[in-house]
Amino acid sequence: MKKIFAALLSASFLLSPIVASQASADDFRRPPVVVKKKVIVEKTVVRPHWKKGYRVDAGERRRFHDVNDYRRYRLAPPPRDYRWVRADNDFLLIGVTSGVISSIIAGR
């Protein structure tokens with residue numbers, strides 16, 4: 001029994017380099033693996049260029065912040081039915097009902 005076990009063990013040691021060389025030879029026959037990357041480009045939000053007379057729709061008005069303390073920013077008091085709003089770093093004087101921009105003060 002010991003002789004059979006020793007013979008199998010020595011045969012496995014002798015055959016392992018042959019099997020390993022055969023496996024490495026198979027690596028050269030295989031085509032190379034190509035990995036394709038998928039690139040996702042996100043669109044950047046372009047800040048609109050505010051112009052006098054431009055009508056601001058309701059969706060844009062939701063992004064604005066009302067400026068109640070206009071004196072803090074050295075703004076003139078708004079006329080009746082107008083209000084100051086802050087869009088990014090600009091101050092816009094827009095009509096409450098119409099949404100038309102009547103004055104623009106850029107970034108203070």
Side-chain angles (χ1 to χ4, degrees):
M1 184 74 168
K2 285 185 181 182
K3 289 182 183 182
I4 295 173
F5 182 71
L8 288 176
L9 186 62
S10 62
S12 67
F13 283 127
L14 292 175
L15 294 177
S16 63
I18 296 169
V19 173
S21 66
Q22 183 64 29
S24 64
D26 288 341
D27 290 341
F28 293 111
R29 290 186 211 139
R30 293 183 194 151
V33 177
V34 178
V35 178
K36 294 183 180 180
K37 290 185 179 180
K38 185 176 181 180
V39 178
I40 299 173
V41 178
E42 294 181 16
K43 293 182 181 180
T44 57
V45 177
V46 179
R47 188 174 113 186
H49 184 71
W50 306 116
K51 290 184 179 178
K52 192 173 182 178
Y54 175 76
R55 184 176 303 271
V56 182
D57 62 351
E60 290 176 320
R61 278 190 246 171
R62 283 188 213 113
R63 296 184 311 134
F64 296 159
H65 300 284
D66 287 341
V67 178
N68 295 326
D69 53 346
Y70 51 86
R71 288 187 187 97
R72 176 181 173 196
Y73 300 103
R74 297 181 184 172
L75 300 172
R80 186 176 185 172
D81 295 331
Y82 283 87
R83 64 182 174 143
W84 285 107
V85 294
R86 188 172 191 166
D88 298 328
N89 204 21
D90 299 333
F91 293 96
L92 309 173
L93 183 64
I94 63 171
V96 174
T97 56
S98 64
V100 175
I101 298 174
S102 65
S103 180
I104 302 166
I105 298 180
R108 284 195 177 179

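All values reported here derive from a predicted model rather than from experimental measurement.
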Output, in order, the C-alpha distance, side-chain angles, deciding distance and verdict of side chain to side chain contact (heavy atoms under 4.5 Å, CB included) for F91 and V67. CA-CA 9 Å; F91 293 96; V67 178; 3.8 Å; yes
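- When atom types are taken as modelled, the side chain of R61 and the backbone of V56 share a donor-acceptor pair closer than 3.5 angstrom.
- In this structure, W84 and S103 approach most closely via the heavy-atom pair CH2-OG, 4.2 Å.
- A donor-acceptor contact shorter than 3.5 Å links the side chain of S102 to the backbone of L93.
- Of the inter-residue distances, the one linking N68 atom CG with R83 atom CZ reads 9.5 Å to the nearest 0.5 angstrom.
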Applying side chain to side chain contact (heavy atoms under 4.5 Å, CB included), run through I105 and L75 and close with a yes or a no. CA-CA 9 Å; I105 298 180; L75 300 172; 3.4 Å; yes
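- With hydrogens and angles disregarded, no donor-acceptor distance shorter than 3.5 Å links the side chain of D69 to the backbone of R72.
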Please assess I101 against K51 for the test side chain to side chain contact (heavy atoms under 4.5 Å, CB included), listing each intermediate value before the final yes or no. CA-CA 7 Å; I101 298 174; K51 290 184 179 178; over 6 Å; no
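- When the side chains of ILVMFWY residues are joined at heavy-atom separations under 4.5 Å, either directly or via intervening members, Y82 and Y73 end up in a single hydrophobic cluster.
- F64 and W50 have perpendicular rings, their planes meeting at more than 60° on a 0 to 90° scale where under 30° would count as parallel.
- Put simply, the side chain of R55 gets close to the backbone of S98: a donor and an acceptor are under 3.5 Å apart.
- To the nearest 0.5 angstrom, I104 atom CD1 is 6.0 Å from L92 atom CG.
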